[in-house]
Amino acid sequence: MKTHSRAYLFGIALISAMGGLLFGYDWVVIGGAKPFYEQFFGIAGNPSMQGWAMSSALMGCLFGALTAGPLSDKYGRRPILILSAGLFICTAWGTGAADTFTAFTIYRLIGGFAIGVASSLSPIYIAEIAPTDMRGRFVSINQLTVVLGILSAQMVNWLIAEPVPADATAEYILNSWNGQTGWRWMFWAMMVPSVLFFVMGFFLPESPRWLASTGQNARALEVFTRIGGADVARAELASIEASLQDDKQQGGFRQLFHPSMRLVLLIGVVMAVLQQWCGINVIFNYAQEIFEAAGYGVSDVLMNIVVTGITNVIFTIVAMFVVDRWGRKKLALLGSFGLAIIYAFMGLFYYLHFTGIIVLVVVVCAIACYAMTLATVMWVIVSEIFPNRVRGIAMSVCTFALWAACFLLTYTFPLLNAGLGAAGTFWLYGIICLAGGLFTVKFLPETKGKSLEEIEKELVK
């Protein structure tokens with residue numbers, strides 16, 4: 001590929017992946033704001049309301065994920081990505097401006113809808129424009145921006161929050177700058193990347209595979225030519241046309257649930273659920289409880305969160321360099337069995353009431369393992385295993401399954417933590433990871449080095 005073509009490809013992939021950046025920021029910013037808005041809205045000490053505050057966005061994610069596929073299959077990937085950017089602007093302002101808990105959760109629902117759309121479409125868009133031999137790396141750009149968004153939220157939270165004494169009372173936190181104003185700026189800071197994504201979205205070309213699947217071959221050829229040159233463009237278009245000609249079914253949910261799609265749909269849904277039920281996201285969303293259980297104060301918790309965010313970024317970059325070399329299946333196995341082992345130790349440390357740095361170290365190991373494996377490889381797998389005609393709807397179903405699993409994970413953690421303790425909860429997540437590894441061994445094929453159309457022929461029978 002020519003240098004200018006690769007630069008153009010990287011540029012449009014990066015713009016699309018800004019949806020991932022906002023997904024990561026909006027997803028995690030609430031964790032740093034949690035000690036303060038809970039006091040402001042008077043929900044501290046109420047596990048049910050705390051769970052709803054943290055998981056309300058996930059309800060929006062479910063609707064966003066289900067909506068994104070049909071809309072993008074009908075109107076294209078580009079306009080729906082721009083729509084998600086506009087919704088991120090709305091939630092960034094509204095959540096920070098909320099003066100009632102009801103308004104707060106409404107804007108969190110809107111933000112969740114935007115996350116559901118962006119998390120579904122950004123990987124699809126990148127997978128549909130990237131060359132076969134670099135598809136894993138380019139789709140991983142989306143996961144890199146997700147973790148950069150997570151790290152940005154963690155650092156913004158840490159920088160905005162004023163130091164809190166270790167013995168601070170609930171009344172002290174409520175009446176402090178953090179409790180009245182600081183948590184609002186944590187959400188408002190997301191306005192900057194949201195506006196940038198909205199503006200840059202108008203410079204994206206439409207996905208050439210979507211154009212070809214809707215009969216706009218001339219426009220598809222033009223985009224493919226700009227990305228890889230005339231020869232590559234003709235070859236890509238010919239492959240897509242052959243794939244569409246072989247596919248006698250019409251697009252939509254009817255084809256998605258056709259018997260020939262059972263295996264590929266099962267793989268996509270299970271991998272999406274595994275990425276959530278492996279339990280890592282509770283570390284980001286409930287960092288306060290996890291680190292306080294290990295003996296850390298509020299200010300130390302915010303600093304530890306930044307440490308975990310940096311780890312997340314570093315090992316996501318590692319994943320980008322190995323996903324096209326080691327392959328998807330090997331990384332999925334490493335993540336599943338690796339996390340099962342790490343959680344065994346994590347549960348043991350909590351059971352024995354270990355505190356301090358040893359708990360932080362094992363948490364960092366879990367995040368490193370997750371970032372290098374399941375966090376990245378899941379999005380690569382589900383963005384490439386489905387046929388062109390139903391890729392948008394299939395991705396919606398998988399993303400819906402992911403957010404449904406995430407909702408259950410986030411909502412139940414306070415209840416599990418109260419009933420089983422931190423030790424029992426992480427042991428439970430370890431068992432789930434072990435089961436996920438066994439599923440991967442039996443059902444997940446290797447897809448590295450294969451075109452999207454070749455993968456379709458192998459999996460859809």
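Count residues from 1 along the sequence.
Remark: R78 pairs with no residue by the salt bridge (charged side-chain N to carboxylate O under 4.0 Å, His left out) rule, at least two apart or across chains. The side-chain hydrogen bond (donor to acceptor under 3.5 Å, both in side chains) test applied to N178 returns no partner, not counting sequence neighbours. With sequence neighbours left out, the side-chain hydrogen bond (donor to acceptor under 3.5 Å, both in side chains) criterion links S140 to no other residue. For the side chain to side chain contact (heavy atoms under 4.5 Å, CB included) test, residues two or more places apart in sequence or in another chain that qualify with T399 are A65, S119, S120, W379, M395, W403. Among residues two or more places apart in sequence or in another chain, the side-chain hydrogen bond (donor to acceptor under 3.5 Å, both in side chains) test is passed with S207 by E128. Residues that satisfy the side chain to side chain contact (heavy atoms under 4.5 Å, CB included) test with A130, not counting sequence neighbours, are R135, F138. L265 is linked by a side chain to side chain contact (heavy atoms under 4.5 Å, CB included) to L256, F257, V269, F386, V397, counting only residues two or more places apart in sequence or in another chain. Here S152 pairs with Y25 under the side chain to side chain contact (heavy atoms under 4.5 Å, CB included) rule; sequence neighbours left out. The side-chain hydrogen bond (donor to acceptor under 3.5 Å, both in side chains) check on S72 picks up R77, with sequence neighbours excluded. Listed by chain and number, the residues in a ring-ring contact (aromatic ring centres under 6.0 Å, His included) with W277 amount to none (sequence neighbours excluded).
Legend: ring pair (Phe, Tyr, Trp, His ring centres under 6.0 Å) pairs involving residues 53-88, not counting sequence neighbours: none detected. The salt bridge (Lys or Arg N to Asp or Glu O under 4.0 Å) pairs that include a residue from residues 52-64 number zero, where partners must be two or more places apart or lie in different chains.
Under a cut-off of 6.0 angstrom, the local environment of CZ in F349 is crowded, with over 12 non-hydrogen atoms contributed by other residues, nucleotides or ligands.
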